[in-house]
Amino acid sequence: MDDNRIKEILLTEEQLNDKVTELAKTLSEKYEDQNPLVISVLNGSFMFCSDLLKKMNFPLELNFIQVSSYGNSTESTGSIQISGNRIDMKGRRVIIIEDIIDSGNTLKRLTEYFGTLGADTVETCVLLDKPSRREVDIEPDYCGFKIEDKFVVGYGLDYAQYFRNLPFIGVLDETKI
Ligand code: IMP
Ligand code: MG
């Protein structure tokens with residue numbers, strides 16, 4: 001990509017594709033006869049979730065939820081807002097699909113919230129994990145890659161709503177933004 005604000009390609013398209021295939025296989029083995037309810041956390045997980053679901057060939061329901069916490073900076077504000085249609089989760093086996101777990105606030109809140117809506121089980125599947133940034137006690141059930149504490153963009157992840165369309169994961173040069 002011809003943009004000097006991306007200083008490094010951390011994960012190539014091929015690496016992402018291989019990992020998505022592996023995660024889809026793991027999820028399929030567990031959920032193929034469970035009629036799960038997949039919840040894609042917008043906006044960041046749209047590309048990951050789309051690629052993942054194309055490789056999960058069994059009956060499942062898909063819905064979306066929007067969560068915002070970041071504004072336009074690279075630091076979490078700590079509080080999150082959940083929006084979207086009310087989804088009937090009673091007795092369902094829910095799989096939350098998220099782009100990245102950072103402080104852990106988003107997935108912790110969502111997991112608890114879905115429990116209060118009556119979900120039978122709630123599991124989380126993330127593409128990326130920055131374990132060194134965790135502020136609350138939560139580990140994803142399925143994870144693509146553990147990464148260092150660098151601000152990454154692409155494959156759905158944004159900086160101020162840009163870069164989501166990159167087919168790879170790149171590291172943003174924070175001195176150039
Ligand atoms: P958490 O609530 O702190 O775990 O934050 C999770 C959310 O922060 C993700 O869904 C992303 O939207 C955003 N986020 C965290 N790290 C990054 C990053 O490196 N690049 C882009 N977005 C990020
Ligand atoms: Mg997000």
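Atoms within each ligand, like the ligands themselves, are counted from 1 in listed order.
The shortest N or O to N or O distance between Gly104 and ligand 1 is under 3.5 Å. For a threshold of 3.5 Å applied to N or O pairs, the pair formed by Val152 and ligand 1 contains at least one separation below that value.
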Pair Ser103-Arg133, side chain to side chain donor-acceptor pair (under 3.5 Å): steps then yes or no: CA-CA 5 Å; Ser103 69; Arg133 301 255 307 171; over 6 Å; no
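Heavy atoms of Lys130 found under 4.0 angstrom from ligand 1 belong exclusively to the side chain. The side chain of Asp99, and not its backbone, has at least one atom closer than 4.0 Å to an atom of ligand 1 (non-hydrogen atoms only; side chain from C-beta on). Residue Lys150 touches ligand 1 through its backbone alone, judged by heavy-atom distances below 4.0 Å. Contact annotation: for Ile100 versus ligand 1, heavy atoms closer than 4.0 Å belong to both the backbone and the side chain.
Residues Glu61 and Asn35 bring no donor and acceptor atom of their side chains to less than 3.5 Å of each other. Side-chain atoms of Tyr155 and Asn165 form no donor-acceptor pair, as typed in the model, at a separation below 3.5 Å.
Screening Leu10, Val152, Ile100, Leu16 against Phe145 for a side chain to side chain contact (heavy atoms under 4.5 Å, CB included) leaves a single residue, Leu16.
Asp129 and Arg134 are joined by a salt bridge, as a carboxylate oxygen and a charged side-chain nitrogen come within less than 4.0 angstrom of each other. The pair Lys19-Glu22 meets the salt-bridge criterion, since a charged nitrogen lies less than 4.0 angstrom from a carboxylate oxygen. Remark: Glu123 does not engage Arg93 in a salt bridge, criterion side-chain N to carboxylate O under 4.0 Å.
Taking 4.0 Å as the cut-off, Val153 does not count as a neighbour of ligand 1 on heavy-atom distance.
Every atom of ligand 1 is numbered from 1 in the order shown, and the set under 4.0 Å from a heavy atom of Asp158 is 21 (C). The distance from ligand 1 to the heavy atoms of Thr106 drops below 4.0 Å at these ligand atoms: 1 (P), 2 (O), 5 (O), 6 (C). Near Glu98, with a cut-off below 4.0 Å to any heavy atom, the atoms of ligand 1 are 9 (C), 10 (O).
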